[in-house]
Each structure stands twice: as C-alpha cells, then as structure tokens.
Amino acid sequence: MARYNPKSVEPKWRDRWAADDVFRTVEDADKPKYYVLEMFPYPSGRIHIGHVRNYAMGDVIARYKRARGFSVLHPMGWDAFGMPAENAAMQTGRHPAELTYENIDEMRGQLKRMGLSIDWSRELATCDPDYYRHQQKLFLDFWKAGLVERRESAVNWDPVDQTVLANEQVIDGKGWRSGAVVERRKLSQWFFRITDMAEDLLAALDDGRLDGWPDNVRLMQRNWIGKSKGLTMRFAFAEDAAAPNGAKEVEIYTTRPDTLFGASFIVLAPDHPITQSYAERDPALQAFITECDKIGTSEEALEKAEKLGYELPLKAVHPFKEDCTLPVVVANFVLMQYGAGAIFGCPAGDQRDLDFARKYDLDVIPVVLPPDADPATFAIEDEAYVGPGTLFNSEFLNGLSVEDGIAAAISKIEEMGAGEATTNYRLRDWGVSRQRYWGCPIPIIHCDTCGVVPVPDDQLPVELPEVAASEFQTPGNPLDRAEAWKRVICPKCGREARRETDTLDTFVDSSWYFARFAAGVEDAPTDPAKADYWLPVDQYIGGVEHAILHLLYARFFTRAMKKTGHLSVDEPFANLFTQGMVVHETYKDENGEWVLPEDVELKDGAHIHAATGSAITVGPIEKMSKSKRNVVAPEEIAETYGADAARWFMLSDSPPERDVEWTDAGVAGAWKLINRIWETVEGAAGGLKDGDPDPSTSPDDATLSLRRATHAAIDGVTSDIEGFRFNKAIARLYEFLNLLRKSDGADIAAQLEALSALTRLIAPFTPHLAEECWALLTEEGRGLVCDAPWPVADPALLKQDLITLPVQVNGKRRSEITAAIDLDPKEIETLALDEPDVKKFVDGKSIKKVIVVPGRIVNIVVA
RNA sequence: GCCCCGCUGGCGGAAUUGGUAGACGCGCCGGAUUCAAAAUCCGGUUCCUCACGGAGUGUCCGUUCGAGUCGGACGCGGGGCACCA
C-alpha cells in the first residue's frame, strides 16, 4: 500500500481543476447565487499563516455552497497600494510598482498552491489603472453629489524630514526615522462626508439589515458613531467682555446639562477660534498651543496625555447664577472636532474634569447624590461620581433624577434662549488625502482662476507618473516634485494649472472592490444589473481588527455608490464573520531590530539568533504583522505536509473567531489524519468495489450503528459548517473516522455509504485528498468530488430511542440511568430513586424534592 | 484614557435554552510491532487520595434544586482608537 504523497497528488488535482475550469463563476438562472468573499490581502510578498486561516475558511464555505447547488462567486484580488511598498522603495531603491507586482506574482503562486476554489479570471489589483480609473470616476461622482469636500485638517509633521508621517510612524511623539519631535500641521485636505450618513449607518445596525453580523461588531460601530443627545448652549462673558475675535459668548456642547450647577470652569480646545485669537497677542499661550500640538493626532495619544491647561483673561457667567463667574481655560483634552470644541467642566461628575480641577485647584461641587448617600456628608474625593442618583445643590433641579434633570435643564435653557437641544455624533468625516506617491491620484486640478476643477471623465484615468526609483529615497511626496506631471491645462479656462498631488487613502481602494469583483465592466465601475444579481456579499470573512474602520467605510461607500447610481443595495455584506487573529511572540535582537521567528532558536532555555548565536529578547504575543516581523510562513508546512494538511491544521483546534497563538507542535497531527483517511479509503475501496450501493437492508447491529454514525456525521458536519464551527466539524470527522475504522462487521453497502459520505464531508477542508479518494470510490468518469452533491442525512437514522440521564443528589452527580427517550417523568423518578448509588446518599434523609428535566437530568434534593 | 473581546487539564480546545465539565486533537505514560529506530496500532491520561471520597472552569461576592454558562466587583491578556493594512 503506497503512502499518500501530496507532492504528486495535490498538483495533479489542481491541474485538473484548472484544465476543466471548474471554479469559473457561472451566472446560472436555475441556481441560487452565493457570493463568498475573504478580505483581500496586501501583497507583502509572502502569504502568512493568518492568510491561510482566512482563505481556508472562505474556501470551506465556497466549496460547501457549490456542493449544495449554489452558483458561487469566490474571487481574489490585491489591496496593492500603501506605505509598505514606498518604505521598501526607500530602503532598496526599487520602484514601488515593480516591488508590488513582483510580490503579487509570488503570492498568487502561493495562494494557488493552497488549492483554493477561486475564480482567478476576476483577479484585480487596486494599483492597476484599470481599477483606480473607476475609483477616480466614483470620487468625481461623489463630488458632484456633494459627498466630498475640502477643508483644513491636521497631520503629523516631521520637521527634520519635512514630511507627513502616519500615526504608525510616530513613536513616543517622535518621527521614526529622524527622531525629531513631531508637530501637528494643518493642511488643506479632501474629506468624504460620512457624517451625512451617520443616522442611516447607525439605524441599519439595529433595524435588521445587519442581522448577519456579530453583535460585538455592531456594538463597536454603534459606539464609534457615538450618537449623543445633548445641549448646545452659550455662556456669555462677564462684564460684557469680548474676546479679541469679537466673541462675546462661547458656545459649548454637553450631554449632561443636569450637572450645570456643578460647573466650575469652561474649557476651550487649543485650536478653538477664541483661543487662537488670544494666541495672536499672547506668546505664552502660543507656546502652550505648540506644546499641545506635540501630542500628535491620534486619539489615544490625546487621551493619555497629561491634562494641561492655560487660563484666559476671561470669565463666563453661569446662566442660572448671575453672580457666579467661571474661569475660561484652554486645555489639551478638549477636541475641536467634537461638539462645539468647548465644554463646561463639572469635576464632580467627570473624571477628566476632576483630575483637571484638582491639578489647577478649581471648585468641586457635587450635584448628583448616589442612592443611599447622605447629602450632609457626601463628598467627592479622588473619584468623580458618574452613576445614577438624585440631583442636589442644584436649585430648581433638586430632587430630580439624572434623566429628568437633563430634560428640565434643556427646557430651561431653551426658554431662556441660551441654547437648544442637539444631536451629536462622535463620528468624524473621513479624511482621504494622503501626501504619498503609491496611491490612487485624486482627479482634481487646481487653477488660479477657476479654483478646484474636477478632471473631465474623458481625461481619466489620471495615471501615476513615471518616477525614477531614486526619488523614493528623498523624504516627502515624489508627486510634489513631478513638475511635468503636475503642470496641466485647466479644463475650464485653458490656462496653466496644477494637478492635485495628494493620493487617496488606501481604505478607499478597499471600500468597493467587492462590487468590482461582482459587476466590473470595462467602461464603468459597475454594471448595475450584474451588481443586483450578486450583491450583497452573502458571506464576508476577515480579521476582527477591521471591525470598525474598513467595514464602516465600505458601508458608507455602498450608500454613496447607491446615491450616484452605481449600486442599488445599501449594505454591502449580508453576513459577516470576523475571524480571530493568528498571534505570535515578538523577537528583537541586541540592536533592537525585529527578528523573524524562523531565525530564532531555543537553546538551553534561552532564545538565540539561529545564524549569529546572539541573544534574542522575547516580546509580547501580538497579532502577526509585517512591521514586527513575527510572521510564520505557511509555505514550509505546505512543502513538508501538503496544502491539505496546512488547511486542516489551521481550521482544527481553535474556534475561528478566537485568536490563535501559532505553535509548531500539532501540524503533524493533521498529516497523520490525512494518511489515516487515505489508508482507510484505499484499504476498503479495494475490497468494496463490487458492493451494490443499496444501503437500505441488513439490520444487524454493526451495520445499523455505522449507518447511524454516518448520518450523525453528515448532520453534525453540515450544521457546524453552516455555523462556522470548523473546529467542531473536524472533531466530528475524527470521531466518525475512528468509528468507521472499527466497523468491519457492517455490510458492504453501509461501508460504501460511509466512505462516500466521509469523502464528500472532507472535500471542503482537504480538497486534494478528497478528489484522490473519490477517484478510488467511484466509477470511471463520474466526475470530480468538487462537483458532487453534498450528502444528505436521513432523519430516521438520527433518532435515538434510549437516553442516559445523570442522577444528582443535592447537585452532585452520583449515578446515571438509561431509559427510553420518551419515558414518563414519574417513572424516571422511580428509576432514579432505585439506583443503589443514589440510595447510598438518600437513605436516612428526607427527600425535599425531585427535579426531573426530561432528556437532561434528575436532581434529588435531600435535607 | 475610551470602546470591544477573551480567560476551562501539561497544551489547543468541547460542553443546545443554566442540567454528566474536560468531546476531539496535541503532548506525555504504558504496551504491541521492530535487531533497533522512525512510522503505525492498542490502552491510559484534570488535580488530591491506597481507597471511600473530595476539590476544580482567572479572583471574590451573589442568584438558583443546580452556574464554565446569569448578575455585581476586580485581575490579567488581546484588538481598535480615524495616516499600518
């Protein structure tokens, strides 16, 4: 008996699939459609184990749905623009395009070797002008529809390299290459008005349109959009004073107007117009603002930064207490983008305000009394009280609940004409300008006479100019220096003008690729008829790290494409599955450089560099990422054990939604299994070929129990695949195989039925092995297992007539009874009380009650 | 800092609605086979205890006849935080 040899078997079947073109998408009117999509990869050059996990899951679904008779669309492409290629160009002196296409070729080969059932005829790369020309068209259509606007926005600026930095490139407030302290700088940039859609993006999370999404992702998106109802109100300045910009009052936004009587200061954002007007004549304030600008642009950095304040020579009048004036300060924890860019501080009810008040010695007036607290003694120490309670120290609000207090305060302020109830969103508009080369050019022309002019449709695409590879070794955006490309004739007035040199955020590229796969046509982004057929994506699968940004942007884009006539759905992904990440330890060498796991060796309990023998520091377990180099190449596994073993192993053990830490141990188990299946099928097939496949007779026990096991396996594996429980499907297959290997007594028909079912059940997981087995089991010319129908479980064989019930005494399991499945509870009780092991614990005590849960358990409660 | 998630044997994990904790796999131990090894096959494997029995799902508290599962507090780890993709 020949040992199974994936090296020859796997390529053989892949060639056959390719020759027969079996995975080409067919729009078959007689079949229901199914669009399964995994998040497309960034072409880093090598697939990593996380990709295998992602694409193996998608392939199980795709192959399963094919077998269930669906017309399946399962495409693949490349999220090919982005910083890594530009960084690599900086290091290697090679052009990003050259590097990227080389990487794509490499990775395409690796993915193909995984045996995925992909329709490669639909492959796309976002860096291809054939893709991004349509994206430019979409940008212009969005512009015409009023969904795009231009405005000032801050970026991280490296003053030494004279370049814009991504947040990832800012480490502890310093530029990653220059080490210079990063500043915030304002640039005129392009925005998509995603906030216009906030209400519908939010509503769809709860109205049933996204029932196929995990709850936690919907919750994260809901919190991200952050709808809040509150009060926008104005505080007049004391003594009729005015700020240098002429303002005589300041507008603030609050979600807690009930705490107005606890207000002890007003806070303005550093970039608030009033702040700015003071800064013009106050160098100390200017210095303070510069200091705030060094924090960077990420919300995390802003929130974690030490709370700093600067008092303005200004007092605000409390609207309810005319003799009470509040200091007006500038502080780094208030954001101009949110609400009005100004708040009132209520230290008793907000931890940040409290920290700030303690630091600057401002009043702390408690206004919410926790239930059961004594108003005479209740005081705020180090912790603000944010819970429910009764308002006090608050004049007309005294005695009201927080909720009622909010309503009462809003009506009072509205009555006074000092403000109005408003709805606010935490969500900000989507800034899409990037000062980089390797992205989709923004199809805009700047004319001194006409201003901003869109590039006419017939001049699309605006292609990236040829740029010498050496250009990437100079900091800054090469497009800025591409003078010949920048110079252009204004389409409106015919005078000399300049091209926009910013490119689009790569999130734009990935916000509509699913539509391009499904309905791409040469002369338009989509063909609406095709889009209607395929969209929405029936099953989208990808990493949970994309739970907010990518998925929210894709949802926005779909709405925008609908508004501009490119699509007619408004939600792109009917069902979403967020897989956990593959994580791994991180390693650094003595110079603090990241080291690949494959270069690390464990020697005498210490980690060393395999090549140099130098010491390695082991860092935290983190998601595998190119930047930290903690990636494992699946190629080696596939090389040694075959693609099937790699796929099987990635899907066994860990539940798909959970993070999995990669370890080398265990792959061999998958290899063992593949051999056991092969051996079982090959061994049996030889002796079984003459059997008549009529599995309806032979009632002897071995046959019946094998048939039951077969149908239980079909039923279980089917529901596990439907429910994305691949690890459990695999456990069931192991159980089934173990039983099958011990069922020599069963008749030939039942064995053949079992082998045939096993082969079809493993086909989505280990497709090459399944084809090889199928060829042995079936007559010549009966086709491929990837075209075979999914087995169907016979309900009659799933029924059980006996059941084992555990018997507990006072909640502890003492015995068990076996009874007919529909036995009367009274009789079960009698049976249970008769058990010797039960009597031992019951005798001599009084039975207080007996709980019989049919089909589950018996519990006897004794005193 | 804020939002979300996770925590069960030596390890990955399993456990419909609250109802036998540890399925299945890895590892380990023992045996068979072998000149020997690898591979393969068979058996065992939560911990404590000779046993009877007891303890046990990150920690503490609670609800319940019964809690891995529900509620509260806490701890640790991970993801996201708008220019990494």
Side-chain angles (χ1 to χ4, degrees), chain A residues 3 39 41-42 44 79 81-84 87 155-156 164-170 194 214-217 219-224 226 297-305 307 333 337 351-352 426-436 505-507 509-510 543-550 552-553 578 580-581 583 620-623 625-627 649 652-655 657-661 663 665-670 672-673 675-676 679 725 727-728 730-735 738 804-813 815-816 848-851 853 855-862:
Chain A
R3 201 166 161 77
M39 291 178 185
Y42 174 80
S44 59
D79 190 12
F81 275 137
M83 285 202 313
N87 292 336
V155 294
N156 299 306
V164 175
L165 296 178
N167 283 338
E168 191 192 46
Q169 299 171 315
V170 180
I194 187 170
D215 288 343
N216 64 324
V217 174
L219 184 56
M220 279 189 267
Q221 294 221 345
R222 190 176 308 133
N223 291 338
W224 185 261
T297 58
S298 83
E299 188 177 323
E300 183 191 6
L302 291 167
E303 287 281 340
K304 279 185 175 168
K307 312 286 176 280
F333 63 93
Q337 299 118 313
Q351 193 59 44
R352 277 188 317 194
R426 206 188 74 97
L427 181 68
R428 311 202 291 259
D429 278 330
W430 176 13
V432 293
S433 286
R434 296 292 180 271
Q435 295 70 38
R436 271 180 255 287
D505 179 8
T506 56
F507 270 123
D509 310 339
S510 55
V544 67
E545 69 271 27
H546 294 293
I548 297 175
L549 290 180
H550 162 62
L552 192 64
Y553 291 150
T578 52
M581 282 167 302
V583 295
I621 296 165
E622 293 181 50
K623 91 168 169 173
S625 74
K626 217 196 162 203
S627 57
F649 177 57
S652 57
D653 292 354
S654 282
E657 67 280 6
R658 196 127 110 194
D659 287 355
V660 53
E661 187 191 348
T663 54
V667 199
K672 204 156 92 180
L673 170 101
N675 278 291
R676 287 214 296 165
E679 197 187 284
R725 296 180 295 263
N727 55 324
K728 287 181 64 186
I730 282 175
R732 276 185 214 275
L733 286 166
Y734 271 108
E735 278 181 281
N738 289 341
T804 304
L805 290 176
V807 182
Q808 296 181 331
V809 179
N810 281 352
K812 287 199 192 302
R813 183 183 177 281
S815 184
E816 62 183 34
K848 285 174 74 180
K849 82 170 124 161
V850 178
I851 293 147
V853 185
R856 283 270 164 218
I857 204 166
V858 181
N859 191 13
I860 300 159
V861 185
V862 296

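Convention: sequence-line order gives letters A, B, ...; per-chain numbering from 1.
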Enquirer: Considering every strand and a 4.0 Å limit on heavy-atom distances, what is the contact class for A:R725: base, sugar-phosphate, or nothing?
Expert: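 If one applies the 4.0 Å heavy-atom cut-off, A:R725 turns out to touch nothing in the nucleic acid.
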Enquirer: Taking a pair as Watson-Crick or G-U wobble with both distances under 3.5 Å, which nucleotide is matched to B:A85?
Expert: none
Enquirer: Base of B:C2, side chain of A:E300 - is there a donor-acceptor contact under 3.5 Å?
Expert: no
Enquirer: Quote, to the nearest angstrom, the P distance that separates B:U45 from B:C24.
Expert: 11 Å
Enquirer: Within the 4.0 Å heavy-atom criterion, would you say A:G431 contacts the bases, only the backbone, or no part of the nucleic acid?
Expert: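 The answer is sugar-phosphate, as A:G431 gets under 4.0 Å only of primed atoms, P, OP1 or OP2.
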Enquirer: Say you pick atom P in B:G9 and the same atom in B:G58; how far apart are they, in whole Å?
Expert: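 Comparing P positions in B:G9 and B:G58 gives a spacing of 7 Å.
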Enquirer: Which whole number of Å gives the distance between the P atom of B:G68 and that of B:U57?
Expert: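 It works out to 7 Å between them.
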Enquirer: With both distances under 3.5 Å as the test, what is the Watson-Crick or G-U wobble partner of B:C2?
Expert: B:G80
Enquirer: Return the pairing partner of B:A15 with a 3.5 Å limit on both distances, Watson-Crick or G-U wobble; otherwise return none.
Expert: none
Enquirer: Can a side chain N or O of A:R732 be found less than 4.0 Å away from OP1 or OP2 on B:A14?
Expert: no
Enquirer: According to the Watson-Crick and G-U wobble definitions, with both distances under 3.5 Å, which nucleotide is paired to B:A38?
Expert: none
Enquirer: Write down the partner of B:C7 under the Watson-Crick or G-U wobble criteria, each distance required to be under 3.5 Å.
Expert: B:G75
Enquirer: Can you tell which of B:G79, B:C84, B:A55 lies closest to the side chain of A:K812?
Expert: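 Between B:G79, B:C84, B:A55, the one nearest the side chain of A:K812 would be B:A55.
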Enquirer: Taking the same atom, P, in B:C74 and in B:C83, what whole-Å distance lies between them?
Expert: 33 Å
Enquirer: Write down the partner of B:G27 under the Watson-Crick or G-U wobble criteria, each distance required to be under 3.5 Å.
Expert: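 Pair assignment: B:G27 / B:U45.
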Enquirer: Counting heavy atoms from C-beta on, name the nucleotide in B:A14, B:C84, B:C81 closest to the side chain of A:M83.
Expert: B:C84
Enquirer: Report yes if at least one side-chain N or O of A:N167 is closer than 4.0 Å to OP1 or OP2 of B:A82; otherwise report no.
Expert: yes
Enquirer: Using a cut-off of less than 4.0 Å, is there contact between a side-chain N or O of A:R658 and OP1 or OP2 of B:G6?
Expert: no
Enquirer: By the 4.0 Å heavy-atom rule, please label A:L733 as base, sugar-phosphate, or nothing.
Expert: nothing
Enquirer: Rounding to an integer number of Å, can you tell me how far A:H546 NE2 sits from B:C5 C1'?
Expert: 17 Å
Enquirer: Looking at the side chain of A:M220, which of B:C84, B:A85, B:G79 is the nearest nucleotide?
Expert: B:G79
Enquirer: Look at the side chain of A:R428 and decide which nucleotide, out of B:C83, B:G12, B:A82, has an atom nearest to it.
Expert: B:A82
Enquirer: Could you check A:N216 against A:S654 and say which one's nearest nucleotide on RNA chain B is further toward the 5' end?
Expert: A:N216
Enquirer: Ignoring hydrogens and angles, answer whether the base of B:C81 and the side-chain atoms of A:E299 contain a donor-acceptor pair closer than 3.5 Å.
Expert: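 Per atom types, no contact qualifies.
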Enquirer: Check every strand shown and say whether A:Q435 touches a base, only sugar-phosphate, or nothing at a heavy-atom separation below 4.0 Å.
Expert: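 Result for A:Q435 = base.
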Enquirer: Between A:N727 and B:A14, is there a side-chain N or O to OP1/OP2 distance below 4.0 Å?
Expert: yes
Enquirer: Got a list of protein N/O to nucleotides 18-21 of chain B N/O distances below 3.5 Å?
Expert:
unit_1	atom_1	unit_2	atom_2	d
B:U20	O2	A:R813	NE	2.9
B:U20	O2	A:R813	NH2	3.3

Enquirer: Ignoring hydrogens and angles, does a donor from either the side chain of A:R436 or the base of B:C83 sit under 3.5 Å from an acceptor on the other?
Expert: yes
Enquirer: Nearest-Å distance, CZ (A:F507) to C1' (B:A82)?
Expert: 8 Å
Enquirer: Could you tell me the Watson-Crick or G-U partner of B:C70, where both distances fall under 3.5 Å? Say none if there is no partner.
Expert: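 Answer to the pairing question: B:G62, which forms a Watson-Crick or G-U pair with B:C70.
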Enquirer: Could you check whether A:N675 gets within reach of a base, just the sugar-phosphate, or nothing at all, counting any heavy atom under 4.0 Å?
Expert: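 No contact.
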Enquirer: For atom P, what is the distance between B:G54 and B:U64, given to the nearest Å?
Expert: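 24 Å, rounded to whole Å.
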Enquirer: For the residue pair A:E679 and A:N675, establish whether any side-chain heavy-atom pair is separated by less than 4.5 Å.
Expert: no
Enquirer: With P as the reference atom in both, quote the distance from B:A32 to B:U49 in angstrom, rounded to an integer.
Expert: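 One P to the other, the span is 29 Å.
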Enquirer: Name the pairs: protein N/O against N/O of nucleotides 37-48 of chain B, kept only if under 3.5 Å.
Expert:
unit_1	atom_1	unit_2	atom_2	d
B:C41	OP1	A:R741	NH2	3.3

Enquirer: Whole angstroms only, please: what is the CG-P distance between A:D653 and B:A14?
Expert: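 That distance rounds to 10 Å.
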Enquirer: Rounded to whole Å, please give me the gap between CD in A:Q169 and P in B:A82.
Expert: 14 Å
Enquirer: Mind checking the C1' distance from B:G19 to B:U69? Whole angstroms is fine.
Expert: 11 Å
Enquirer: Could you check which nucleotide pairs with B:C50 in any of the strands shown, counting Watson-Crick or G-U wobble with both distances under 3.5 Å?
Expert: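 By the stated definition (distances under 3.5 Å), nothing pairs with B:C50.
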Enquirer: Quick one: pull up CG in A:N223 and CG in A:L427 and give me the separation to the nearest 0.5 Å.
Expert: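 Result: 12.5 Å between the selected atoms.
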Enquirer: Say we look at B:G6 and B:G71: how far apart would their P atoms be, to the nearest angstrom?
Expert: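 Going atom to atom, P in each nucleotide, I get 12 Å.
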Enquirer: Mind telling me if B:G9 is syn or anti? Syn here is a glycosidic angle within 90° of 0.
Expert: syn
